[in-house]
Amino acid sequence: MKPSTRRTQDTPLARHPWARLCLAACLLVLAGQGRAQLSVLSPARAPSTTDRNLASLAHTKNIGDLPAPSSPIALTLGKTTRQEAELAWIAQGSRIVRSGTMGVGGSGLADYHVRRSVPEIVLVDVAGVDFEGFTVARYAFIEDLLYAVETPLHARTPRSETPFKALDAMQLQELARTLETRHGPPTRRTFSRRAGNEPDVLTWDTEQGTLELVTNDFLAHLGQWDPALERKAKALRRAACDQAPAC
């Protein structure tokens, strides 16, 4: 898109560039093609359903270096409960990094910088897992049922304290080729609001759920979700966002 040559009016958005960024990010989350978004944590805690067992999972200094389990326990979107997932992570030696309810509003970019939480949706960051070859991932539960898994891949702006792996443009393209080898050609190729001349949202309809790779450097991430539960989660996010100022 070519930059406008019109003179910018003296409005609050014009005086504060960060405000335009926040507005654009929220619009992208709510109106983008497909899901094409990242989940962010709110400050509200989400107590574990297995606190006694998880107390033994002390955080390590280099938690991002935990390898994938040799025999990962399968988690099923739309079927696995949060308690079942936590017990599986314990059994395979994974580590829960942090958890909390989903947040909406704010900048739409960083954990905790939100205006409202969505208590029905809990996000759990886990290291030492295997999500399409990535060992750190964020698991999303709606009413304690697993409905989505994602891992941010952005290299530009840190948005979380969790040690997600950042990929540059070349690495993102290599990942796209790897996913095509593994899952076949994408079912859909679409453009996000941050796309250049090529589609930056690649989507596969798989037996495990909808898999999506976003390759632009603003919201680069890989995610998979159950379509029916994602629609329910989207309705909850919209309802919470309607009650949050500047969302």
Side-chain angles (χ1 to χ4, degrees), residues 35 37-103 111-112 117-154 158-167 175 179 182 206-213 221-226 228-230 232-233:
R35 193 166 188 258
Q37 68 181 67
L38 285 164
S39 299
V40 295
L41 281 163
S42 79
R45 290 188 65 245
S48 167
T49 57
T50 54
D51 282 325
R52 182 176 299 177
N53 290 330
L54 291 174
S56 64
L57 297 184
H59 294 172
T60 61
K61 292 184 178 180
N62 299 315
I63 198 166
D65 296 330
L66 281 175
S70 57
S71 299
I73 300 173
L75 305 181
T76 305
L77 297 175
K79 294 184 179 180
T80 299
T81 66
R82 185 155 67 104
Q83 183 176 26
E84 290 170 339
E86 291 175 343
L87 291 173
W89 294 326
I90 292 171
Q92 67 188 22
S94 303
R95 296 290 185 271
I96 294 178
V97 182
R98 59 181 46 82
S99 66
T101 60
M102 177 179 283
D111 287 341
Y112 310 130
S117 67
V118 185
E120 299 88 349
I121 301 177
V122 172
L123 307 177
V124 184
D125 294 352
V126 188
V129 296
D130 185 358
F131 172 53
E132 293 291 343
F134 292 92
T135 60
V136 182
R138 173 165 290 177
Y139 293 78
F141 298 83
I142 181 169
E143 298 173 347
D144 272 346
L145 196 63
L146 178 65
Y147 82 93
V149 187
E150 66 184 17
T151 183
L153 302 171
H154 47 76
R159 300 185 177 97
S160 175
E161 296 174 3
T162 302
F164 295 112
K165 186 175 182 179
L167 302 184
L175 174 59
L179 293 174
R182 188 176 298 159
T206 73
E207 293 182 357
Q208 293 74 32
T210 302
L211 181 68
E212 180 179 85
L213 173 65
H221 72 281
L222 177 67
Q224 189 168 35
W225 64 88
D226 176 275
L229 290 179
E230 167 58 23
K232 184 176 182 180

Is Glu143 paired with Lys232 through a side-chain N to carboxylate O contact shorter than 4.0 Å?
-> yes

Heavy-atom check, side chain of Asp226 versus side chain of Leu145, under 4.5 Å | no

Would you call Leu87 and Ile73 a side-chain contact if the rule is heavy atoms closer than 4.5 Å?
-> no

For the residue pair Glu212 and His221, establish whether any side-chain heavy-atom pair is separated by less than 4.5 Å.
-> yes

Compare all side-chain heavy atoms of Leu153 with those of Leu175 and state whether any distance is below 4.5 angstrom.
-> yes

Does some side-chain heavy atom of Leu123 sit less than 4.5 Å from a side-chain heavy atom of Ile121?
-> yes

Interatomic spacing from CG in Leu229 to CZ in Phe141 - rounded to 0.5 Å = 12.0 Å

Ala127 backbone acceptor or donor facing Thr135 side chain under 3.5 Å | no

Starting at CD1 of Ile90, measure out to CZ of Arg95 and round the result to the nearest 0.5 Å.
-> 9.5 Å

Rounded distance (nearest 0.5 Å) linking atom OG of Ser70 with atom CG of Asp130 = 11.0 Å

Say you draw a straight line from OH of Tyr139 to CG of Asp125; how long is it, rounded to the nearest 0.5 Å?
-> 10.5 Å

Exercise: do Ser94 and Gln92 side chains pair donor with acceptor under 3.5 Å = yes

Do Val136 and Leu66 have side-chain heavy atoms sitting under 4.5 Å apart?
-> no

Of all heavy-atom pairs between Met102 and Tyr147, which one has the smallest distance, and what is that distance?
-> CE-OH, 3.6 Å

Quick one: are Thr151 and Lys165 in side-chain contact, heavy atoms under 4.5 Å?
-> no

Atom CZ of Arg182 and atom OG1 of Thr206: how far apart are they, to the nearest 0.5 Å?
-> 12.0 Å

Quick one: does Val149's side chain get under 4.5 Å of Phe134's, heavy atoms only?
-> no

Begin from the C-alpha positions of Val126 and Phe131 and carry the test side chain to side chain contact (heavy atoms under 4.5 Å, CB included) through to its verdict.
-> CA-CA 11 Å; Val126 188; Phe131 172 53; over 6 Å; no

From NZ (Lys79) to CG (Leu146), nearest 0.5 Å | 12.5 Å

